[in-house]
Amino acid sequence: MWQPNKLEKERLEKANRLEAGGLLLYPGRCQRSHTVAEAVEAFHSDKAPGSTYVSVVGRIRRLNTKGKVSFAHIEDESGRVQLFLRLNTLGEESYELVRRKLIDVDDFVHASGTMMRTRAGEISVDTAQLTLLSKTLSPLPVVKEQRRADGSVSEYGEFKDTETRYRQRYADLAVNKSVREVFVKRARTIKALRDFLDNEGMLEVETPILQPLYGGAAARPFVTHHNQLHQDLYLRISFELYLKRLLVGGYDAVYEIGRDFRNEGVSYKHNTEFTMLEFYKAYIDYEGVMDITERMFAYTAEQVNGSSAIRYQGAELNLTPPWKRLSIREAVQEYLDFDYMDFPSSETLYAYLQSRGLADGLDRDDTWGRMIVEHLLGNHIEERLIQPTIIKDYPRDVSPFAKRIRGDAAGDEKERRYLESHTERFEFFIHGMEMGNAFTELNDPRDQQARFVEMKRLYDEDSDETTPLDEDYLRAMRFGMPPNGGFGSGVDRMVMLLTDQDSIRDVLLYPHLREPAPSENDLRGQFMLDAAVRQLEYQLDLPLAEKKRRIALYLPKVEVGIEFRMANALEGSLAQLQNLRVAFAGQLYVMTDENFYHVQDELTEMRIADFWRSIT
RNA sequence: GGGCGCGUGGCGCAAUGGCAGCGCAGUUGACUUUUAAUCAAUUGGUUGCAGGUUCGAGUCCUGCCGCGCUCACCA
């Protein structure tokens with residue numbers, strides 16, 4: 001339950017006074033003739049001064065009450081404009097609302113009047129009519145701006161506590177314009193990607209989010225259950241297998257932009273759910289995908305920021321094609337100065353890396369491919385790939401859906417082994433961050449089946465790397481899948497690049513956060529209700545209506561003061577309960593999964609640890 | 001999950017273990033061209049939660065909760 005603080009009580013009081021005076025606090029409609037930006041524009045193209053009459057709406061962001069004349073800035077999505085509020089123009093009654101500050105900063109208002117310029121030079125609405133559109137009961141955080149002579153804006157006071165900003169994104173957006181701009185650019189990014197892919201002749205499709213079998217990537221899935229069908233379902237970790245089935249169905253090229261879910265840690269570049277873009281195009285290989293990738297990134301950057309050269313975290317990045325392309329083998333040669341093909345097994349490679357002092361944090365039981373990709377590339381090379389770089393030709397055991405590399409070893413044993421153990425796959429990196437992944441897709445059903453089996457042999461059942469064998473996917477492939485190139489990329493990371501944000505959370509409107517501890521008031525209410533409901537549910541066999549009646553009677557009698565998340569803790573471990581202190585009067589029953597305890601008939605206060613001891 | 005850091009009025013921040021303070025916002029008053037308006041007065045706090053050490057804890061110790069950074073994990 002909401003417990004208004006001092007500021008909120010003041011606003012509630014104002015709201016009551018306004019309402020008592022017959023004012024509508026939340027009228028259903030208003031007449032808007034211009035957006036704020038249009039109103040300013042109209043003033044500029046105004047031939048005769050004072051001839052432009054506008055009705056604008058917005059939220060009050062600044063209010064300067066000064067005797068018989070006042071100034072307010074209102075803001076709508078298009079920008080801000082000043083309201084010039086004068087007793088003579090506005091009239092006694094309306095002006096009184098302003099002068100008495102019954103209309104506050106943060107309220108939504110409607111203002112009508114002619115456009116004018118104040119003596120200080122600011123274009124303003126000479127307000128003749130001011131109407132409240134929505135009364136704000138909780139004030140937003142205070143942020144003041146100063147516009148300097150050179151046009152730059154500096155802020156005084158900020159709303160920057162990250163936790164509150166993420167949990168109360170609406171307040172963050174309402175106060176921080178730069179945050180709003182990020183999400184405008186995000187929308188433009190996704191639109192640009194769609195436009196680009198549509199123009200490439202690809203068909204946008206939608207595939208299941210709930211899948212009976214997950215696959216297409218190496219990640220732990222979320223599991224859920226369909227009650228009626230008695231079926232476990234996975235939230236997808238990628239779209240890959242469903243999209244490629246569509247190429248079997250006869251589409252030349254398909255793409256999907258949507259949400260993936262991975263049950264893994266969060267970081268500045270990982271969120272449990274994130275937006276993925278995947279496309280598959282028949283009759284091209286990974287070289288073709290590279291070309292599309294480069295053009296797509298350059299195009300999107302141009303659409304969003306007006307240039308394919310961008311500035312990210314102080315670095316100048318040029319997304320203009322062509323990008324640097326090199327094989328992972330060449331990358332290791334270039335950055336770490338050795339040829340890993342000289343160490344063709346995980347044992348020999350590990351021994352060599354140890355001798356070079358490069359084995360820190362490396363698991364000696366890892367597969368050969370993982371040592372190269374996860375360790376050498378991931379830990380030693382990735383962070384140095386600042387300008388867009390395509391790294392291609394990956395070891396096979398980490399690439400179960402990519403086609404073997406082509407080429408002629410010409411009798412050279414080392415080269416023969418290289419060709420045999422590598423696939424036509426590439427990842428690309430910008431500013432040290434992996435941006436996407438692509439292959440010449442495997443379309444030989446026999447090879448694909450062998451890969452599934454091989455993965456099962458190489459990785460434990462519960463390893464992230466393991467990919468469940470998908471019989472239906474193999475069946476689809478047996479019907480004939482055209483040769484094709486596929487692509488997958490994290491859209492959030494792309495938005496990070498284009499908006500110069502260093503955390504994925506800043507490009508997600510609602511990033512995933514832990515459940516916060518509920519306030520004591522919430523707990524009090526929740527606990528009282530739980531206690532009452534439980535008492536009735538388990539002690540009395542009554543019709544629902546009677547239960548409700550008794551709950552209503554019972555509630556006021558229960559006086560509970562607790563200082564923790566009681567509801568959750570009761571289902572938690574004993575250790576979690578140690579610090580709880582519970583005080584209650586009246587009859588109270590506490591439920592756990594197995595037991596049902598009658599606690600006390602009279603006032604009791606004890607630590608939960610003691611309570612637990614007394615009943616076990 | 002490990003390490004480091006942070007948590008103090010609505011927001012931003014102070015406080016060698018010794019009276020919890022400042023700015024903004026708010027409230028009251030003055031002001032008919034302000035724009036971080038100004039001037040005068042003024043309200044507002046169980047310092048994330050629970051224990052402990054101490055004559056005395058925002059500060060030190062322990063546990064817990066949350067957030068950030070980082071490592072691990074991770075296309």
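Residue numbers begin at 1 in each chain, while the letters A, B, ... track the order of the sequences.
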Taking the minimum atom-to-atom distance to the side chain of A:K160, which one of B:C67, B:G44, B:C13 wins?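 Of all the options, the side chain of A:K160 is nearest to B:C13.
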
Parallel under 30°, tilted from 30 to 60°, perpendicular over 60°: which one fits the rings of [X] and [Y]?
X      : Y      : value
A:Y312 : A:H431 : perpendicular
A:H380 : A:H375 : perpendicular
A:W323 : A:F297 : perpendicular

Is a donor-acceptor contact shorter than 3.5 angstrom present between the side chain of [X] and the base of [N]?
X      : N     : answer
A:R62  : B:U34 : yes
A:K66  : B:U34 : no
A:E122 : B:U33 : no

Would you mind telling me which residue lines up with the more 5' stretch of RNA chain B, A:Q82 or A:F274, judged by nearest nucleotide?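 Result of the comparison: A:Q82.
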
Map A:V266 and A:Y166 onto RNA chain B by nearest heavy atom, then report which one ends up closer to the 5' terminus.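 By nearest-heavy-atom nucleotide position, the 5'-most residue is A:Y166.
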
Taking OP1 and OP2 of [N], is either one under 4.0 Å from a side-chain nitrogen or oxygen of [X]?
X      : N     : answer
A:R514 : B:C67 : yes
A:K144 : B:A25 : yes
A:K14  : B:U27 : yes
A:R505 : B:C69 : yes
A:K101 : B:U27 : yes

When both hydrogen-bonding distances must be under 3.5 Å and the geometry is Watson-Crick or G-U wobble, what is B:C39 paired with, if anything?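 Its partner is B:G29 (Watson-Crick or G-U wobble, both distances under 3.5 Å).
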
Between CG of A:L137 and CG of A:D107, what distance do you get to the nearest 0.5 Å?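 One gets 8.5 Å once the value is rounded to the nearest 0.5 Å.
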
Within the 3.5 Å criterion, strictly below it, is a donor on A:Y473 or A:K244 matched to an acceptor on the partner's side chain?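 On atom types as modelled, these side chains qualify, holding a pair under 3.5 Å.
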
On a whole-Å scale, what distance lies between the C1' atoms belonging to B:C13 and B:U28?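 The same atom, C1', in both gives a distance of 27 Å.
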
Euclidean distance for P, B:C4 against B:C74 (whole angstrom):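 After rounding to an integer number of Å, I get 24 Å for this pair.
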
What contact category does A:N64 fall into here, base, sugar-phosphate, or nothing, at under 4.0 angstrom with non-hydrogen atoms?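 Answer is base: heavy atoms of A:N64 come under 4.0 Å of a base.
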
